[in-house]
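Order of listing sets the numbers, starting from 1, for every ligand and every atom in it.
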Amino acid sequence: MQEPIAILDSGVGGLTVVKEVMRQLPREKIIYFGDTARAPYGPRPAEEVHRFTSEIVHYLIQYRPKMLVIACNTATAVALEDIRSCVSIPVVGVIHPGARAANGRTQTGIIGVIGTEGTIRSGAYEQALKQLSSSNEVISLACPRFVPLVEKGNFRSEETYETVRESLESLKQRQLDTLILGCTHYPFLADTISEVMGKGITLISSADETAREISTILYDRNRMASNNELPVHHFFCSGEPGMFKSIAQQWLGEQIDLTPVVWQVPNIV
Ligand code: I24
Ligand code: DGL
């Protein structure tokens, strides 16, 4: 049996990483956990996001993955280091790959980061970017109205444009040349964000960069899948399975094998 790559997220957002891994590494078997019952993580306290992430890691570890990918920016921001110290396989988050790409692209060293409240409050992007180059200037901004917009499927309406324009107003005054989309959902607003910020601003999306990082680690450790048949992926979600399945199948363009997970058995009176 092939050892899978385990990928987790608060909900469906991490499917952006799944799609990119499927494209770049079609032989790799993926197991994915979306914590849809408790999404969104963005507005939650760090302690709670940390606890939820640990629970999911413990769940996925029983499938003996060769690597763990925290495909949620908010979870990466608060739990990556701790999870790394708890497991013996490589753990990849979505923050460092995005930060590295931004650091490589910026000319001025002034980098903007937008994300959920939890991600921005943690300062994780700022820390990663300063570590890569101490002269980087980082301008961070939480955009709590973006995830609800995307979850409504509202990618390109007038309301979306107005919300993006209002939210990014303070960033527009600054001299940044690179903007990190530090949330799984924001790439869906990339056209609008680009229009509001101006065409000269380079947008960095973490999902693609993370998939490249996964490839590099597997290659360096000589752990790439070598089987000839295509793998069968496995999906788990904690919430109502119908909606998850329909979004995942639409997004990935194939049928998925989905197991609903019940965290706690509710009290039945
Ligand atoms: N897209 C849709 N519906 C959503 C969404 C999305 N959330 C993120 N993205 N949510 O429709 C509906 C409610 N959620 C609540 C939490 O549990 C799951 C259901 C558009 C689907 C088009 C395929 C954007 C999105 C996406 C695909 C992959 C990842 C992702 F469209 F974040
Ligand atoms: N997946 C989350 C992130 O990348 C966004 C959705 C949420 O708030 O749970 O930060």
Can you tell whether the side chains of [X] and [Y] come within less than 4.0 Å, N to carboxylate O?
X: Glu3; Y: Lys29; answer: no
X: Arg44; Y: Glu48; answer: yes
X: Arg145; Y: Glu159; answer: no
X: Glu209; Y: Arg212; answer: yes
X: Glu47; Y: Arg51; answer: yes

Under 4.0 Å from a heavy atom of [X]: which atoms of ligand 1 are those, numbered in the order shown and with their elements?
X: Thr36; result: 17 (O), 18 (C)
X: Met243; result: 12 (C), 13 (C), 19 (C)
X: Gln250; result: 22 (C), 23 (C)

Do the ring planes of Tyr186 and Phe146 sit parallel (below 30°), tilted (30 to 60°) or perpendicular (above 60°)? perpendicular
Do the ring planes of Phe235 and Tyr32 sit parallel (below 30°), tilted (30 to 60°) or perpendicular (above 60°)?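 Phe235 vs Tyr32 ring planes: tilted.
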Heavy atom of the protein closest to [atom] (residue, atom name, distance):
atom: atom 1 (N) of ligand 1; answer: Val150 O, 4.0 Å
atom: atom 3 (N) of ligand 1; answer: Ile247 CD1, 3.4 Å
atom: atom 10 (N) of ligand 1; answer: Glu151 O, 3.3 Å
atom: atom 29 (C) of ligand 1; answer: Val12 O, 3.1 Å
atom: atom 20 (C) of ligand 1; answer: Phe155 CZ, 4.2 Å

What residue among Ile114, Val113, Asn73 forms side chain to side chain contact (heavy atoms under 4.5 Å, CB included) with Leu181? Ile114
Which pair of heavy atoms, one from Gly182 and one from Thr119, lies closest together, and at what distance?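 Distance-wise, the nearest heavy atoms are O-CG2, 4.1 Å.
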Near ligand 2, which residues have a heavy atom under 4.0 Å away from one of its atoms?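 Heavy-atom contacts below 4.0 Å: Asp9, Ser10, Pro40, Tyr41, Gly42, Cys72, Asn73, Thr74, Thr116, Cys183, Thr184, His185.
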For a 4.5 angstrom cut-off between non-hydrogen side-chain atoms, does Arg27 reach Asn227? yes
pair Ile56-Phe236: side-chain heavy atoms closer than 4.5 Å: no
Check each heavy atom of Phe188 against ligand 1 and say whether those closer than 4.0 Å belong to the side chain, the backbone, both or neither.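 The answer is the side chain of Phe188.
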Please state which option from His185, Glu240, Gln249 has its nearest heavy atom closest to atom 8 (C) of ligand 1.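 Residue with the shortest heavy-atom distance to the ligand atom: His185.
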